[in-house]
Amino acid sequence: MSERYDLLIVGAGPAGLAAALAAAPSGARIAVLDDNPAPGGQIWRDGPQAHLPAAARRLRAAVENSPVQLLTGTRVVAAPGGKRLLLEDAERGWRVRYDKLILCTGARERLLPFPGWTLPGVTGAGGLQALIKGGLPVAGERLVIAGSGPLLLASAASAKAAGAHLLRIAEQAPLAALARFAAHLPRWPGKVWQAGRLFDGRYRASSHVLAALGDERLEGVRLWQNGRVVELACERLACGFGLIPNIQLAQALGCAIREDAVAVDRWQATGLADHFAAGECTGFGGSEKALVEGAIAGHAAVGEEGQARRLFPRRRRWQAFAERLARDFVLDPRLKTLATPDTLVCRCEDVPYGALAGRDGWTDAKLNSRCGMGACQGRVCGAAAQFLFGWQPPQPRPPLSPTRIDTLLCLEESD
Ligand SMILES: Cc1cc2nc3c(=O)[nH]c(=O)nc-3n(C[C@H](O)[C@H](O)[C@H](O)COP(=O)(O)OP(=O)(O)OC[C@H]3O[C@@H](n4cnc5c(N)ncnc54)[C@H](O)[C@@H]3O)c2cc1C
């Protein structure tokens with residue numbers, strides 16, 4: 001027998017929590033599920049070394065004290081159709097039915113291949129932050145952060161607070177773009193304060209990683225730093241080249257995709273009846289955008305259009321910030337030339353760049369090399385190949401992530 005909800009929300013980050021809180025007073029039977037052990041999403045990820053801001057703790061507590069059911073440690077692994085989802089947690093697999101669905105699946109960071117990027121000691125920038133929040137000790141370690149976007153500064157702040165010795169933050173965007181971004185920031189006064197708090201004198205524009213150096217593990221980093229090559233000895237390198245929306249579940253459901261994000265209208269409704277989307281799966285842009293979009297989706301899903309409409313001006317303001325981010329942190333095409341023929345692009349299946357260059361697209365690459373067919377199901381190499389070769393990732397197929405056989409068998413049960 002499937003469990004049934006009036007409203008199901010996938011993702012308990014800022015967007016999902018705001019959607020739940022907006023919809024809760026309607027009296028609808030609501031559940032929010034998330035594959036992490038605690039609600040909060042990426043920005044408010046909990047853990048032994050995490051320090052959640054007061055606003056995040058308040059939002060979380062409000063949802064926890066509401067009638068909304070929180071299903072943590074729970075993943076959506078398939079969307080068999082007919083307003084049903086297949087879920088899995090540590091103990092069981094089961095199906096749920098819903099009347100309305102809000103997708104708040106967030107974004108992940110884009111990792112790009114460069115020589116040495118698979119050495120132990122090299123992680124994503126947001127990845128390092130998540131590891132630190134989860135308890136990874138980094139005190140005394142020399143750290144270089146490279147890539148693009150404000151997440152580099154947030155990651156550096158977490159690492160410094162945990163005692164890491166930050167050597168450099170290498171931002172690929174040129175100084176002119178950063179100056180433009182800074183000049184527009186006063187439109188969002190909170191962001192000026194945030195930028196001032198996070199800024200670090202070791203930040204350099206027009207700089208990017210060339211190679212991670214070392215045999216068994218990371219020993220140093222070679223950087224292109226504003227026109228010259230620089231080498232720094234270090235124990236950790238954290239690289240993230242912006243964020244990409246998590247759209248696999250939306251694609252599996254049949255929602256329309258626009259510019260690599262879930263397409264929504266002013267009610268945050270996707271083209272698919274009774275299916276809404278909010279937050280970074282509709283385009284990256286920060287937690288403020290996610291919060292207001294989530295609230296609009298929550299109200300709209302329970303028919304409170306007036307309350308949703310009142311939030312439109314706030315959403316416009318934060319969507320303008322998202323547009324600024326996208327414009328000023330656009331990736332330099334030179335980053336496409338970092339990988340050498342033997343640099344791995346798909347680390348799950350050990351597929352090097354040389355085996356992919358010259359292929360026709362994803363299907364050709366998969367058939368000839370198994371690229372994208374490993375445990376991450378192309379989440380990492382798919383985004384890299386899209387940037388490197390311009391290949392559109394294919395429609396995802398179930399299961400959306402590695403799943404137990406017992407769980408898949410639930411698909412055969414009758415309702
Ligand atoms: C690694 C990382 C670190 C970041 N750190 C910061 C930071 O320090 N400061 C900052 O301002 N911004 C940060 N961001 C940006 C941040 O994503 C947003 O500002 C904000 O968290 C977006 O909120 P959201 O609700 O849209 O998505 P998210 O916060 O990403 O929440 C989405 C949630 O959905 C869950 N989910 C996705 N698919 C499934 C599924 N199939 N089944 C179950 N659950 C699913 C995810 O695990 C996640 O918990 C970070 C982003 C990333 C990728």
Side-chain angles (χ1 to χ4, degrees), residues 8-20 31-46 50-53 56 59 71-79 85-89 102-111 123-134 147 149-159 161 190-191 194-195 198 238 240-253 261-262 268 277-295 297 318 321-322 325 377 379 383 396 398-401 403:
L8 187 62
I9 300 168
V10 182
L17 293 177
V32 190
L33 64 91
D34 195 293
D35 49 5
N36 283 306
Q42 297 291 3
I43 182 168
W44 301 325
R45 181 182 288 277
D46 212 345
H51 305 286
L52 296 184
L59 181 59
L71 301 166
T72 50
T74 303
R75 294 178 294 162
V76 179
V77 294
L85 294 179
L86 179 63
L87 309 184
E88 184 181 83
D89 69 8
I102 307 180
L103 295 166
C104 299
T105 48
R108 62 191 186 282
E109 62 185 336
R110 187 196 308 270
L111 306 178
T123 61
L128 177 65
Q129 193 190 38
L131 287 167
I132 291 172
K133 288 178 181 176
L151 183 54
L152 303 187
L153 286 170
S155 176
S158 299
K191 290 289 171 192
Q194 202 179 15
L198 292 178
F241 296 87
L243 300 180
I244 27 176
N246 289 324
I247 56 171
Q248 290 84 355
L249 178 54
Q251 284 178 303
L253 286 161
V262 186
Q268 299 295 136
E280 294 208 314
C281 62
T282 67
F284 65 86
S287 58
E288 296 87 351
K289 172 180 164 295
L291 283 168
V292 66
E293 287 184 354
W318 289 110
F321 178 70
L325 275 177
Q377 291 287 288
R379 278 185 183 77
L400 299 169
S401 50
T403 307

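Indexing begins at 1, ligand by ligand and atom by atom, following the structure's order. Owing to the predicted nature of the structure, the values given are computational and were not obtained by experimental measurement.
- Near ligand 1, residues G11, G13, P14, A15, L33, D34, D35, N36, G41, Q42, I43, T74, R75, V76, C104, T105, G106, A107, R108, E109, G126, Q129, L151, A154, L243, G279, E280, G286, S287, A290 each place a heavy atom inside the 4.0 Å sphere around the ligand atoms.
- The backbone N or O of K133 lies less than 3.5 Å from no partner atom in the side chain of R45, so there is not a single donor-acceptor pair.
- Screening Q377, Q251, R379 for a side chain to side chain contact (heavy atoms under 4.5 Å, CB included) involving P396 leaves a single residue, Q251.
- Remark: I9 CD1 to C104 SG distance equals 6.5 Å, nearest 0.5 Å.
- Listed here is the closest heavy atom pair of I132 and A159: CD1-CA, 3.6 Å.
- Listed by chain and residue number, nothing satisfies the side chain to side chain donor-acceptor pair (under 3.5 Å) test with R110 (two or more places apart in sequence, or in another chain).
- Panel note: side chain E293, backbone A15; no donor-acceptor pair is recorded below 3.5 Å.
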